[in-house]
Each structure stands twice: as structure tokens, then as C-alpha cells.
Colleague: 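Okay, here's the structure, questions in a sec.
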Amino acid sequence: MVASRAIGSLGRATASRMFRCPGYICRNFTGSSALRSRTHINFGVKGDVAVVRLNSPNSKVNTLNKELQSEFMEVMNEIWASDQIRSAVLISTKPGCFIAGADINMIASCKSHEEVTRISQEGQRMFEKLEKSTKPIVAAISGACLGGGLELAISCQYRIATKDRKTVLGAPEVLLGILPGAGGTQRLPKMVGLPAAFDMMLTGRNIRADRAKRMGLVDQLVEPLGPGLKPPEERTIEYLEEVAVNFAKGLSDKKISIKRDKGLVEKLTSYALSIPFVRQQVYKKVEEKVRKQTKGLYPAPLKIIDVVKTGIEQGNDAGYLSESQKFGELAMTKESKALVGLYHGQVLCKKNKFGAPQKEVKDLAILGAGLMGAGIAQVSVDKGLKTILKDATLTGLGRGQQQVFKGLNDKVKKKALTSFERDSIFSNLTGQLDYQGFEKADMVIEAVFEDLSLKHRVLKEVEAVIPGHCVFASNTSALPINEIAAASKRPEKVIGMHYFSPVDKMQLLEIITTDKTSKDTTASAVAVGLKQGKVIIVVKDGPGFYTTRCLAPMMSEVLRILQEGVEPKKLDSLTTSFGFPVGAATLVDEVGVDVAKHVSEDLGKAFGERFEGGNIELLKEMVSRGFLGRKSGKGFYIYQEGVKTKNVNSDMDGILASLKVPPKYGVSSDEDIQYRLVTRFVNEAIMCLQEGILATPTEGDIGAVFGLGFPPCLGGPFRFVDLYGAQKIVDRLRKFEAAYGKQFTPCQLLIDHANSANKFYQ
Amino acid sequence: MTSILTYTFKNLPNASKWALRFSVRPLSCSSQLRAAPAAQTKSKKTLAKPNIRNIVVVDGVRIPFLQSGTSYKDLMPHDLARAALSGLLHRTNVPKDVVDYIIFGTVIQEVKTSNVAREAALGAGFSDKTPAHTVTMACISANQAMTTGVGLIASGQCDVVAAGGVELMSDVPIRHSRKMRKMMLDLNKAKTLGQRLSLLSKFRLNFLSPELPAVAEFSTSETMGHSADRLAAAFAVSRADQDEYALRSHSLAKKAQDEGLLSDIVPFKVPGKDTVTKDNGIRPSSLEQMAKLKPAFIKPYGTVTAANSSFLTDGASAMLIMAEEKALAMGYKPKAYLRDFVYVSQDPKDQLLLGPTYATPKVLEKAGLTLNDIDAFEFHEAFSGQILANFKAMDSDWFAQNYMGRKTKVGSPPLEKFNNWGGSLSLGHPFGATGCRLVMAAANRLRKEGGQYGLVAACAAGGQGHAMIVEAYPK
């Protein structure tokens, strides 16, 4: 989950606004070179400083693709050859983006690892030239400076970054299952020290400019400017360039030194790391930690450690060679392909394919201030939506308001917000017990208890007060939307918006449309979801929609496995070692045993035999004993405030013993157990595509990974079938079918794929 | 009227740019208008409005503005305010019981005298039957004090109001930390020895770290100098221009001081020290000297330095405001009318110091005047960069259209009429007291240089601003 979230931030960084400033670009044309037509780079000279401005056409971001690289080297060669030029500034005129990274497709189109290795080596050579440049090069960074962009920046002699929220530096390659392949693994440790370099490369985290300055990753910061005689963004980049040009002059005149003063702690750390024994200990510790966290499912982090180690212990040449080779190997792994697929899928699911709604939602009302309602409120108010949070009782409302405040205040504690910003954001929230102000609402999202008659009641109450254009969205995880809409006077305005808990952390939003839902209503819901920062899948209505429906058969299998005598802890470790972020037993506790029971009953009725497996009595018994999971303090485990280690709830032993069934021979090995869970999940997902619940496999993968924690290293159920092989899945299903019956019968679409060479992704 | 005429001709030779701009006018005037050409250039003859009381400034004074940490450093704010009020009494000879109300502005409050207006009034010998209150609105606190007085008179609640402002930056309230304060307050309530001991046992050494008064904007945590540097950069105001403007301010202030034009100053005999008679922050330097200074806020490449910023200042000012008929009935010869005024506010982050840009067109529109009608501009100079950025903003159609919702720019004030006797950069800027100085400078300049309308404008922390039209009282 962590990995998938970080990919999310990568996606966010690329979604920056785009605008052009032709007046600005055209300035400072000098010499013949500037007149030569280049599409990605504009090159001018200020005094004796060359200014190289990147701006790839027809794209929201600059990527280090082949054309940009060749134009860049052409310009640099010209700079190195010129007698008039003594230094250079490298800047992007694309707002919000310096260089977002290498071109993923360039790597994806490679057929062999040797080919990828060559790409890496070309990159290494290019950046080595920059590093060895006798004319100082200043990287002026505004916006995303990620991956290859960062590697380029750290090859320059000096870095200046704007201190705004859009400016982030990072090495997110690990999130795509690869490593920084253009010298990054070699330069970064020298620049920021071994521990910080490992942290950056192994987590892929984005580093904001001010932190980058403290780490020594950038040398100077430039404050973003407000409006002057030009729009703020435009003038800020211009100012950044002015400052960078001055520093470039200073560097070539030797008035400024590129040496950085290190603090005491930094000096001590670098001294300690000069001792081989200490370094060995660091490698060991980091490797242990990585193995523990990735459970050996992700090859990239270990290779990163290896490459860094090679560079430090055996010298630069060995390091660069190892980097390019490992880069080639990693790019060809299934894990990398799965992660890259998720990245692309996520970019797709961040777009509104239904177009702009007729009326933008500005006033939002949320019914029910429970965990979900308040969570939805939290992600809405901080995007500037005026939000009414309505509950039936003052205590319920107060709890919800406190949840929103706490969510914001936690950000203040992490210094992601100032207390003033928190207050200002919080003022977008109105808590109330009545329907006052609903006459202005553009959208109402109900998050009341999952009970059809209750939902009907609030729907009728709300429709009496809302204006004609207002969308009514239901946040339900299982109740079919058309049944809810049955009580509506205007079913075209009714839609499902299935958020995942905790709303502020989970990226997915599943939007459910009925046959009657209008396109504009859908467009409106997607627009709101995107504003709330969600990754969105739009699915057709049906019992359990997509996500709940996939989860239900797997949960049923979980119960059976527990009944067969597998300990909850053992089950958890089996599922996490397969790549799920949360163990299956823990998941039941987190979701809530009562909710699980509710859903199992409903979907069991709708789908019959296929959803059977475990005995639902187990859940019923747990509910009757008050073991509702984390929220009641007891489920399969015992939860105590402030206690980190989870203890198994021993009271469960009796319940499990009374419902015990003997495990079947031949389908109960650890691996079988894992595959019994996963194949039921995958089979149901494919069934959803077959039935048209899902529109595309991409949405199925994104929904499974971001909403249900399907192992990111497998890329989602559809990618998994493509990479693992449909036939192998069918084989496993047949084997389980023989033991357990129809629950494992492979669906037609899966069989078709197994029989043909068809893949979900071409 | 004649004074305006003489002013026009007197200034023609040495104010060449100004002359160039206006020389076209007399030529285009038809012959019958030529009798009083200067007056005809005004959009309005007076800003008096029917059925609204005219409000006049009888006179205003200030004690010398001193760099903080100098002669006033052992005093308290109300001492300075008292000195200004005493000076006002002395200057105007107003009978104390005539004053209906007293209002003072201040920014950093001394907690002991949070209503510093009342403490100062009592000490200055005003009647204890005259109520007094204190207002705060950052650097336009004194303006707020004056306009509050204007409101009281205009609405008929009062006839005579003393308004002023005070700031003592030599001493600011430094507090115990919140944790320490909490413990001390709890100790007060603790009843038994056991309770006290258990409270004391929670003491940690970091409780003792003091809390300094915020030098930063609360909403953005940005210091004003930092914001000014960014503002200057946003409007591409160079370091050289800023230094040059600061030098102008100091040179003009020095000249005004030498020529005795700063007549609003009243001497202040500081207890135990010599009598202070003049401002001590005026230091004309050279551009070369100024260029040597390092940036004070955005290091190492910013443009705002100690030399082109206003300095921390101690000082107080006071003025006597009356309904015109009351002043005339008491036999006074008022100095000026206080006319239309506006308060504005905008984004406290990126437009913190652009108050004058927003306020100027608004107040001119309200009064029915144009920029050309103004004979004396008195703007508060927080930073050179701020003044020059405001000039550029006022002169930009783009800015007017995109940020102020106006069709066109208002135009930038001609430098010949601008802060001719120095400004906050050179005279100093006691936050709470500057407003009265600006108004008195405008009034005194109109009397001295001739001219009818003065425009006072200032920016203030919180992204606020103020402007007011001062009309010369006919001689």
C-alpha cells in the first residue's frame, strides 16, 4: 500500500497546470544557434551565461525522452565550444515541472535487458559530461524534479530550487520496480550521505525544496513570488532564472564556492561512514529492513542496495557498470511491468472521461458524520469545497467534526499545513443537525448506516429540500444503487460513490452508475472525486459493485481456512507474504465483523453458491459475542489503545472449535491456501469484466490495488493473469474446483483467455 | 487660490518633469479660464458635502521619532503618549474639558497599559471625565484612531476629539512560555503542599525558554521584510533603485530638518536625560556605502537591506480634531479638512504591502478626484522596495485589471510631489504613531508649498491599507 500511495504522489506531480509564456521565451535570443528550430529546448545567452530552457511541446511535463536528450546534448556541446560562454543555467519554463523523469515508454519498448542497459549507459555518459564540465552548470529547479530529472540536476555543479509545494525532488524509480539508472545510485550517496541516499532511493519519497536544502541536495532556495506585472508563476520562473544567472556568473568568476558547509552531525556521520566496518553494518541493517518490508516480493530495493555498495566499495567504474546492468535486469522483471502498468492505470483513472459537468460542484452536503462521512468531509474542505456535515445527533456530529479537525491538525503537526491554513480550511465546514442550506447544495453525499429503508427515508427528506440540479450520491459498499434510487423522484440524479476507509488515506473512489444515472451526474461525481484527490473507477450497478464483490468470495474463503484450523496469525502471514499489505484475518477486523456479515449475507443471497465457502455462522457468532473487530476492541485479535503488538483473541478459540471442519487433502498447503484466496478474487474480478460491471481491465486493476490492497507487485488481477498466465490460473481453479465445487469454477472469459493467446493488456 | 498659482510658477523651473507634464494644460485653456488656471485643473473646488459636518484638524504634534534603544529606552509607552498629548495641549491651548474623547493607536501593547490612551490622558492632565480608548490596526493604527474620531464627530456624537498613536520598540513584552504560564497559574490554584509539589515536579527546563513577540505575520509566519523582498522581486525592483529611493528619503528629510519644516515636532524633556528636539534616524549616506550592505532577509541574494528599510522606532503623535463650526466658534484657524478615507485589505501573503495601490484609486474615486488633483502625496515608507513596487503596481493596467477588478490603472504619483519632507525610511516609523505624522506632513506641506489636496496612504500588516484625502484649510 505504501508503494502504491507513493506512486500516487508521482501521479499528482505530473498533473500540473500548463501554460505558455511566449513573450518570455522569446527574449534573449542571440547567435545563430538560437534560431535553429528546436522543439524541446530554447537557448539564449545573458552576458556570458548560457540559459537553456526546457519546455516539451504538447505535454504537461518534461520527460527525458530521446528528442529532448539529443537536443540537450547538442545545445550543451555548443555551450562547451563557445568562447563567449563561461557558465550555464538549466531551467524549465514549464510551470510545475522541471523534469518529471525519464520517458517510461522508452524503457517499456525495449525488448531485452541489454537494450535497457544501453539506454542506461547513454544516460550515464551524458551526465558524466555534465559533471566534468569546466563551465559551471546551475540547475534552476521549479516543480517536479524526479527520477532522471533528479539525476540530471545532481550532475550539475549547483542547484537552486523554488521553495514551493510543487517543487519536489525524488528518486521514485523503486516504485516502478527499477533503479536510478543514469548515475543516480552513484552520485546521490556522495551528495547527501549514505543513509539519506538509501532513504530516497528505497522509499522513492518526494522531498520538498526546504528539506532538500537542509540535506544538501540543493544549494539555494528561491521564494515563490506573488503577482507583480505578470502572473505569479511566470514571474517566479523568470526570477529563478535571474537568481540562477547571478550564481552562474559568481561560480565562473570563482566568487561563489560549490563547497557546502556541513553541520556537526553531518560531519560525524560522514566520518563514521568512512570506516568500512560501519558501512558494512549500514548495508546489513538496510538490507534486513528491506527484506522484512518487501518479503522478498520486490527485487528493486535489494538491487539498489547492491549497486550502491558496489560503487562505494569497488569504485566508480564498477558502480556505473553494475547500475546499468541491474537497471536492464530490473526493467525486464514482472514486478516492474506490473508497477509500470499501475502507474499508467493510475494516470488514466485521474482523468474525467465524462467531460466537464454542466455545473461545477461548489457546495457539498454530507449526511452522517460517522467515520466515512467525516472522512469525506475532510478530503472535501481542504480542496476548498464548502461542506455541510449533517448528523442526527449532536454527539455524532461532534465526533465527526473532531475527526475532521484532528485530520487537519495532524497535518499541522507534520508541518504540512500551518495552523492558520488549518483554521481557514476548517471554516469551510458547517456542522448541523437540520437541512438548513441544503437548498444551495450542488451535491449531497449520504453516508448513513447501511440500511435500505433508512437510505430511502433520507433520500426522500433530502429531495424535498435540494435544488433540481443537485446530485444525490450514496456512499454504500454493498446496497445496489438502483434499489436506493427506487425511492427517488429523479433517479437520473442518483449515483453511488463508494469511498474506502480511512477516506483521507485510501486513494480509491468507486463510482457506481445505474441505467438511469445521467452522464452529467456521472461527470459531476467524477469531478468531485478528482477534486478530492481520488483515483476513480466508474462501474455499473450490481450487488457489491466491483470491489465488494471481488472481496466477498475471498472473505468467504478466509472463513473456511480459519474453520479448517489455520491460526489467524498464520493466515495473516500467508497473505502478507503473498504481497497483500494487510493480513486476511486482520482485514476482517479492520472492515468490521458486522459489516462483513452484512455484506456476506446480501451477496450470498444475490450470487448463491459461487459465494459460499466458509460458514457465515462464524461471523454471526462473533457479532453476537460483540467481537466486531478493531472498533469494538476485539475481533480475531485484541486491540488496546497504545499497545502495538496484537494478541490473538483467545475467546475465539471456542467459536472456531465449534465450527471446525477438516482440511481437505491436497489443497491445504501454504501455497494452496494463498492461491485459494487469490484465484477466487481474480476469477470474480474477471467475471465483473465479463458481465460489464467493469468497463476496462485497467479500472479493475486500479480498484483492486488501491481499494482492496491487491498485491501491487502483481499489478492487479488482470495484469496478474497476463503476467502469470491465464492457463496456470485456470489449472489451479480446476484443482480447487475438484475439491470444493462451483466456488472455484473458472469464468468463461478467463477460460477464453487461457484457450487463446489473448491478453487483457496488449 | 493665489498660493496655488504661485506654487505652480515657483516650481516650474526646478521641477522640470512635472512642468513638462503640465505645461500643456495652460496652453489649452481658453482665455476666460486663464484667470485662475491652476484652480481649473482641479476636478472639484472643495470636497465639502451638503448636510455632512466638515471635520478639521486644528493642529497636530509629535515628539521626535528616535531609533529604538536610544533616549526613550527606559520609558514606557504611555510616557511617550503623554508627552505627545501634553505637547498638543501646549500647542493648541485647548481647554481640557472641551475634549469629548481621546483615541490612540498602538501595535505592540505593553500589557500593563493595554488601554494606553486612558493612561496617557490621565497623566497628561486631561479631565478624568474624558473617556479614552485604544485601537490597533498594525501600521495604520493612528489612522484608525483619527478616522474613528472623524466618525464620532460626523455622526454628531462628539465635537472635539484628540487622536494619536504611540509605539515603544525599545521594550517589548517577552513572555514566559505557555507551559510555564500554565504551571504558574495552576500553582496559584493549588491548595495543599502536596498539590504544589506534584505540580512543581512537572517542571522542565525548557519551560523557561521565553516567548518573543512575533515579528512575523501570524497567518503566514513570514516576516514583513521577507515579504517586502519578495514583493520587490515580483515587481522587478532592483537593489540599486531601492537604495537610491532610500537615499532620496534621507536627503529630503535632512533638508526638511535643516530648514525647520518639520514643525509638528514638540521637544520632549526625557526624565534624567537631555531634552530631545529632533529625529535621530535621518542619516543620508552614499549609494556606495549602501551597496556594501548584505541583504537582511532573503540571503544571500535578496535586495532589502537595513539601509533601504524603515528602522525600529520609538515615538508618539497626537492631533486635535474638531467639527469645523466648533473650531471656528472657539476661534481656531484650522490647518486642514479631513475628507474621504478608505480602508482596504488584500492577500496577506503576496500582497502584504500593496495597501496604497488598492486604497489610492478607491479614495480618489470616492472623493471625485484624479491623481492629477493631488498636490501633496504622503505615503508611508515601510521599505524602499515596497514604495517602488506600489508605484509599479499603480502604473500597471495589467495589475489593475487582474487583481483589483478595475478597468485601468490609477497611475503612479509624480515623485516631485511625493514625500517631499522625507518619510518613514528616514524619519522613522513608530508603528502606532505614523498615521498622524503622515496627515500633519500633508497638511503642513499644503500650507507651505501651496496646493489644495493631499493624499495620505499606508500599508499595514495583515495585508491591509488605508488612504485619506486631506484638504488644505483656506487661508
Side-chain angles (χ1 to χ4, degrees), chain A residues 19 21 23-24 27 89 138 140 158 160-165 210 213 218-251 255-257 260-261 412 415-427, chain B residues 178 214 216-223 225-239 295 297-304 346-354 357-358 385-386 388-405 409 412 461-463:
Chain A
F19 79 91
C21 30
Y24 172 51
R27 263 182 25 186
V89 167
V138 177
Y158 208 74
I160 304 177
T162 47
K163 190 184 162 189
D164 53 23
R165 290 205 172 142
D210 46 352
K213 170 84 167 32
V218 302
D219 301 284
Q220 294 292 341
L221 294 179
V222 164
E223 297 285 335
L225 301 181
L229 301 175
K230 287 172 185 172
E233 300 86 353
E234 193 179 327
R235 175 62 194 147
T236 299
I237 290 188
E238 204 176 281
Y239 178 55
L240 172 66
E241 184 181 305
E242 286 165 14
V243 172
V245 164
N246 278 333
F247 274 97
K249 275 201 189 100
L251 286 166
K255 279 185 190 151
I256 299 165
S257 151
R260 194 170 60 91
D261 292 331
V412 174
K415 302 219 162 117
L417 278 183
T418 67
S419 63
F420 177 80
E421 285 166 328
R422 173 200 64 203
D423 297 346
S424 156
I425 290 169
F426 197 61
S427 74
Chain B
R178 182 82 190 246
E217 196 73 5
F218 180 76
S219 60
T220 62
S221 311
E222 187 182 24
T223 61
H226 197 279
S227 191
D229 206 320
R230 288 197 305 116
L231 185 74
F235 283 93
V237 177
S238 72
R239 164 80 184 265
F297 300 99
I298 296 187
K299 296 163 187 169
Y301 57 84
T303 53
V304 173
Q346 61 284 338
D347 170 20
K349 170 95 186 140
D350 290 331
Q351 304 184 31
L352 182 67
L353 305 171
L354 286 181
T357 299
Y358 282 83
Q386 166 256 336
L388 297 176
N390 271 287
F391 283 178
K392 286 196 170 187
M394 290 164 85
D395 208 25
S396 161
D397 280 328
W398 185 86
F399 190 85
Q401 285 154 6
N402 288 284
Y403 284 90
M404 296 166 64
K409 64 186 183 185
S412 127

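The sequence lines fix the lettering, A, B, ..., with proteins before strands; numbering per chain opens at 1.
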Colleague: I'd like to check the salt bridge (Lys or Arg N to Asp or Glu O under 4.0 Å) partners of A/Arg422; sequence neighbours left out, ordered by chain and number.
Modeller: none
Colleague: Given heavy-atom pairs under 4.5 angstrom as the criterion, report whether the side chain, backbone, both or neither of B/Ala236 touches chain A.
Modeller: both
Colleague: Dump the intermediate steps for side-chain hydrogen bond (donor to acceptor under 3.5 Å, both in side chains) on B/Tyr358 and B/Gln351, then the final yes or no.
Modeller: CA-CA 10 Å; B/Tyr358 282 83; B/Gln351 304 184 31; 2.4 Å; yes
Colleague: Between B/Lys299 and chain A, with a heavy-atom cut-off of 4.5 Å, which part of the residue counts as in contact: side chain, backbone, both or neither?
Modeller: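 When you check distances to chain A, only backbone atoms of B/Lys299 fall under 4.5 Å.
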Colleague: Which residues pass the salt bridge (Lys or Arg N to Asp or Glu O under 4.0 Å) test with B/Asp350, not counting sequence neighbours?
Modeller: B/Arg230
Colleague: Considering only heavy atoms, which portion of A/Glu421 lies under 4.5 Å from any heavy atom of chain B: side chain, backbone, both, or neither?
Modeller: neither
Colleague: Is there a donor-acceptor pair under 3.5 Å between the side chain of A/Thr236 and the backbone N or O of A/Leu225?
Modeller: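 Yes, A/Thr236 side chain to A/Leu225 backbone: donor-acceptor pair under 3.5 Å.
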